[in-house]
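A short worksheet on the structure shown next.
Every chain is numbered from 1, with letters handed out A, B, ... down the list of sequences. All heavy atoms count here, side chains included; hydrogens, waters and symmetry mates do not.
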Amino acid sequence: MSVNKILIKGGHVIDPSKGRNAKADLLVEGNEIAAIGDHLSVEGAEVIDAAGCTVTPGFVDLHVHLREPGFEYKEDIASGTRAAARGGFTSVVCMPNTSPVIDDETGVRFVLDRAARDGVVRVYPAGAVTKGQKGQEIAEMGLMARAGARMFSDDGLPVISARVMSTALTYSTMFGVPISTHEEDPSLAGDGAVNFGRISTLMGLPGMPEEAETIMIARDLELCRRVGGHLHIGHVSTARSIELIAAAKADGVSVTCEVTPHHLTLTEDLVKESGYDTNTKMKPPLRTEADRRALIVALRDGIIDVVATDHAPHSFDDKDKEYTFADNGITGLETAFALLHDRLVLPGDISLDRLIECLTTAPARIIGIDGGTLCEGAAADIAILNTDQEWAVNPGKFASKGRNTPLVGWSLTGKVDTVLVDGRIVLRGGELTC
Amino acid sequence: MTELQRKDILGLEDMSADEISLILDTAQSMREIIDRPIKQVPTLRGRSVLSLFYESSTRTKISFDLACRYLSAGSVGVAKAGSSLDKGESLRDTVRNVEVMGPELVIMRHPSGGAPHYLAKNVDSAVINAGDGFHEHPTQGLLDMLTVRQRKGTLEGLKVAIVGDIFHSRVARSDIWGFSHMGSEVVISAPSTLIPPGIEETGCRVEPDVEAAVRDADVVCVLRLQLERQQQSFFPSVREYHAMYGIDARRLALAKPDALLMHPGPMNRGVEITSEIADGPQSIILDQVPNGVAVRMALLYLLLGGGE
């Protein structure tokens, strides 16, 4: 039986792993990238015309919530991985704050089994840092790592005890698996619903001050400096956070960090402009324009390593509430590229090259997977992007069960057209094929 | 301006001076009804009003109820609408049930900022915010302005000092927006832990020294100290609060000789305000109460189009 061949012709290839940024053809044979070069022509290959499009490695998202097990009414692995495919993501790290919490080998295996059965992109489970995410005893990191956990995180909650965090970082050095953090001092964040500042004052909503985030970042940087491990700071949202991380990086602390598309493009002003739209409620909260500008600069300069969506699907009812009662978070997988391309690349705040690097090679390196590259012999995880196509965000068309986005009706330029996972076309012309 | 061009009264932030003047003028004529021996007019006969109070209230609830009664509107309500909340009913379901019962106007008080805005977006009925979280309490702001205007003739150019827990006060926010829209100079004073960031944007100046804040004021508005806040350590003790920010005769004497003293109630006598001045000649605290009824009558009338 002959091997399935796909020839992606005439696209502009951006592969940050090889520093490639030029027009080229790409040949996929079976599940591998077989060749990359000019004017390839292969007998019997299915041809995808990528003229005018940008061809990149499939995106890698280090921070999504697939909600399975336990919250399948919000999302499950089938719907969440389809949302990923529609957004150009071929690999996702799913957070363990499910029910039950993924804090042991069985849980990790469950997610991997479900992903193999129902998923359309690669799923890398994150295991909890502490048992039950209770912040008291470290979870069985070794067994989870052996079962396939590529990250540890108590995401959704901070690890409140410095001693436990120190132990976790120390212990994690045996496995080389990063610990991703949710930096929030609960005594400062309290029951905050928005950023603490002018918007919390004007809207009469409880606020979370920026130092609820920065104090915990400073603490974890100090711990990591002492004990080692790989500290990956989740969803950084303030200018001061950047300063702290930049200083630690300059000192050689083994830290990486991520930023979400929404913190790069939206500010707390949207809470007011939208008239208490609960789709502006998330943790960390949307911050100020000064914070947003600092995040963009840090992403450009490499202080921030990656973009991660923190895709947080919720049901209609979980969001359709009084502002202070609504659940935190918004969906991100299906809008991330378009939003960032439209709001950051087109105005010239960041290059397309750098954006692609932050969505592919950089995150793949952090969790040590083979993705994020288009080199010959690599798995054929590929995204084909139409950077000229304008479209309007319509949550009714999302593959995600979550419709919770503040971007409803936004017109964005830049669309994910075609996606291959392991040599298989999962998205074609913007439509799922599976 | 003779009509309000809005469906709801959610706050004073976006209310123009013309709109405020119209409401105050209308309230002034309503006040005359309250002072009659027979206090009922048929203006809103056959109209229905529903009140949903998700937070306890004595004075505001009674004030709205009387406003309905004096205008002959039918009014029903729940004093502690937490009852359906306790049973786990969502606000949406409550709202949908309310809507099909057909009230033309809904009055809502709620502990969460923005809840009346949610209601207003989802029902055709007019909505009056009777206090949402620590966001706004527009009818209180309006009645405060009415009370001052009755005594001073105008609000323009007055120095209004607001003293107390600005941070957690919806009354403070509505007062600041309202008085500043009407051309008053608003100065606020409180312990630094009770001044929210960016409050200047609502149109006031922050003066940490309470005596400087009160000096030469035309109006001194004392806010209720929410004593349960002491447990959250915003201030160390009631005794220290009283010593540093309590308004007594000596501090009131720093204001203009004809300065007016207000308090939205209920008062903690001997804490934020002393009995001597609360019951003294400069106090207009008991004028505020019937004016509250008048302002609420005015809003019912203007929103329900009583002229039709």
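Here the closest non-hydrogen pair linking A:Thr201 and B:Pro196 is OG1-CB, 3.2 Å.
For A:Lys321, the NZ atom is densely surrounded, since the number of other residues' heavy atoms within 6.0 Å is greater than 12. Around the CZ atom of B:Arg6, the shell of radius 6.0 Å holds more than 12 heavy atoms that belong to other residues, nucleotides or ligands.
Between the CG atom of B:Leu91 and the CG atom of A:Asp320 there is a distance of 8.0 Å, given to the nearest 0.5 Å. For the atom pair CZ of A:Phe316 and OG of B:Ser90, the computed distance is 9.0 Å after rounding to the nearest 0.5 Å.
Using non-hydrogen atoms only and a strict 4.5 Å limit, the part of residues 182-197 of chain A facing chain B consists of A:Phe196, A:Gly197. Using a 4.5 Å heavy-atom cut-off against chain B, the contacting residues of residues 260-281 of chain A are A:Lys272, A:Ser274, A:Gly275, A:Tyr276. Along residues 121-141 of chain B, the residues that come nearer than 4.5 angstrom to chain A, judged on non-hydrogen atoms, are B:Lys121, B:Asp132, B:Phe134, B:His135 in order of number. For residues 160-189 of chain B, a heavy-atom distance under 4.5 Å to chain A picks out B:Phe167, B:Arg173, B:Trp177, given by residue number.
Residue contact with chain A, scored on non-hydrogen atoms closer than 4.5 Å, involves the side chain of B:Glu13 exclusively.
Side chain of B:Ser112 to main chain of A:Glu322: no donor-acceptor pair is present (N/O by atom type, distance under 3.5 Å, no hydrogens or angles).
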